[in-house]
Amino acid sequence: MSLRLKILELAKKYQEEMVETRRYLHQHPEVSYKEFETTKFIKTKLDELGIPHESPLETGCIGVLQGRIKSDRVIALRADIDALPMDEEGEAKKEFFSKNPGAAHCCGHDAHTSNLLGVARILTDLKEELEGTILLVFQPGEEKLPGGGKLLCDTGFLQSRNVDAIYGLHTSPSHSPGTIATKEGPLMGSPDEFEIEIFGKGGHAARPHEAIDPIVLASQFVSSAQTIVSRSVDPTEPAVVTVGRIEGGTAHNVIPGSVKLWGTVRTLNSETADLIASRLEYIVKGITDGAGGAYSFTFNKGYPAVNNTPEETEHVVREMQELFGEETALIMERPIMAGEDFSFYQEHFPGAFFFVGSGSDDSESTYVWHHPKYNVDDRFFQTAAPLMASLALRKD
Ligand code: NI
């Protein structure tokens, strides 16, 4: 039997287990950097398989699976393990709702974790045919800056293991089970955050001439900020500026002393992000100076853009096609602007990130990431597990 057929058989054999593990993790979500019980659970599973593990960070861990065939080849497979600070909803997943109030797996990281544990099981069964070392990277804190991927790279653990290539995946509610989507080059945006406080002068709503109204200044700022993408950024360069939150004022008849604004900037390269950051500050400075107010401005650089190397992307697409047929691998025409801290690994190693279809109407799993009703179709594992296992096993 060919190795690919064996992988497919084993993935079927462990389907039930992967589904159960995901439901268990779904019921016990933990937010970024607090994944203590999740980490314990993963380590117990790795212990059962006899896979040694290392803990370069406080949460998360790295399983070190040694193949029987001696080789210097080191392949890393990464799954993020954290949940979001939110509550969930939805009929389809009611029986395995989160038991931890204020935390929920609404981005599918429970499925990523369970999938990588399934891959660990498949690869352990195929140890005789496994070459070199496979690092099973269970990464904490994907959802929160500075990013578990960054913290892990900062420890130098993976660099010291001379990783040849790294692969990561994400559930995709907009693709059907049985398909994947990816592309070479920029795949996902770089999400940066800004925080602004506009200081005016409080007063009576009926005596605005004696006040400096920060609500008017904030409104001017929000409108003017929309000209950055249309007037300052190269029109062929994708960019987003969104103000997502404004806070100011206490009553209909009081001019407040200050207003706070929070927003996000999405780009595909750091030069564009720098340009937008400086334009944002110019605009808030111009508006507040003109009115005699003042401001504070902070810009937090988030994750770099996910940028897939050609060889590894081709490897993902080819393996998918070998396993499931030509038409199952979709090559995306353009990147999406959501962020992902997988990009930090790609600053050190060749690597590819891809989306695995997890959305269907019958499992109510077409809600967008971070939606309270977000769910994953169980058939996700029948693509994700064999593909990941096969990426680790062969490099034609
Ligand atoms: Ni996610």
Side-chain angles (χ1 to χ4, degrees), residues 18 21-22 25-26 28-35 38-39 42 59-60 77-88 90 93 98 100 102-117 119 137-152 166-175 177 180-182 186-193 244 264 266 302-308 332 335-346 351-359 365-377 380-381 383-384 387-388:
M18 289 188 278
T21 300
R22 184 233 157 188
L25 292 169
H26 196 92
H28 302 90
E30 292 172 296
V31 298
S32 310
Y33 310 110
K34 305 270 185 249
E35 311 92 337
T38 308
T39 301
I42 295 166
T59 53
L77 306 175
R78 175 274 206 169
D80 41 9
I81 67 171
D82 55 330
L84 288 157
M86 62 187 285
D87 289 315
E88 63 179 334
K93 53 176 178 169
S98 164
N100 301 343
H105 271 296
C106 288
C107 196
H109 299 186
D110 50 346
H112 303 165
T113 307
S114 164
N115 181 63
L116 193 54
L117 286 169
V119 170
V137 181
F138 293 94
Q139 179 217 296
E142 194 281 324
E143 298 285 3
K144 196 174 172 190
L145 293 179
K150 175 178 169 29
L151 297 180
L152 194 52
I166 183 161
Y167 297 96
L169 58 76
H170 207 295
T171 53
S172 172
S174 48
H175 295 96
I180 66 158
T182 188
L187 178 76
M188 296 179 78
S190 169
D192 302 323
E193 296 170 358
T264 185
R266 304 292 166 109
Y303 310 150
V306 171
N307 208 333
N308 284 345
M332 293 158 66
I336 61 166
M337 298 309 263
E340 165 59 66
D341 77 346
F342 185 79
S343 52
F344 287 109
Y345 303 107
Q346 293 176 314
F353 193 76
F354 53 97
F355 299 103
V356 177
S358 63
S365 52
T366 55
Y367 291 98
V368 70
W369 300 307
H370 300 199
H371 190 284
K373 290 185 180 170
Y374 184 83
N375 195 20
V376 174
D377 190 295
F380 157 83
F381 296 109
T383 310
L387 180 55
M388 268 293 202

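Counting starts at 1 for both ligands and their atoms, in listed order.
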Practice task
Would you please indicate yes or no on a ring centroid separation below 6.0 angstrom for Phe342 and Phe353?
Solution key: yes
Handout entry: Side chain Lys93, main chain Ser98, donor-acceptor under 3.5 Å
Key = no
Problem - Considering all heavy atoms, the nearest Phe138-Thr113 contact - result: CE2-O, 3.7 Å
Practice task
Can you see which heavy atom on Lys150 is nearest to which on Pro146, and at what distance?
Solution key: CB-O, 3.6 Å
Exercise for the section: Using only N, O or S atoms, tell me which atom of His109 is closest to the Ni ion (ligand 1). Expected result: NE2
Practice task
Examine His112 and say whether one of its N/O/S atoms is closer to the Ni ion (ligand 1) than 2.8 Å.
Solution key: no
Handout entry: Metal site angle (apex the Ni ion (ligand 1)), NE2 from His170 and SG from Cys107, 10 degrees
Key = 100°
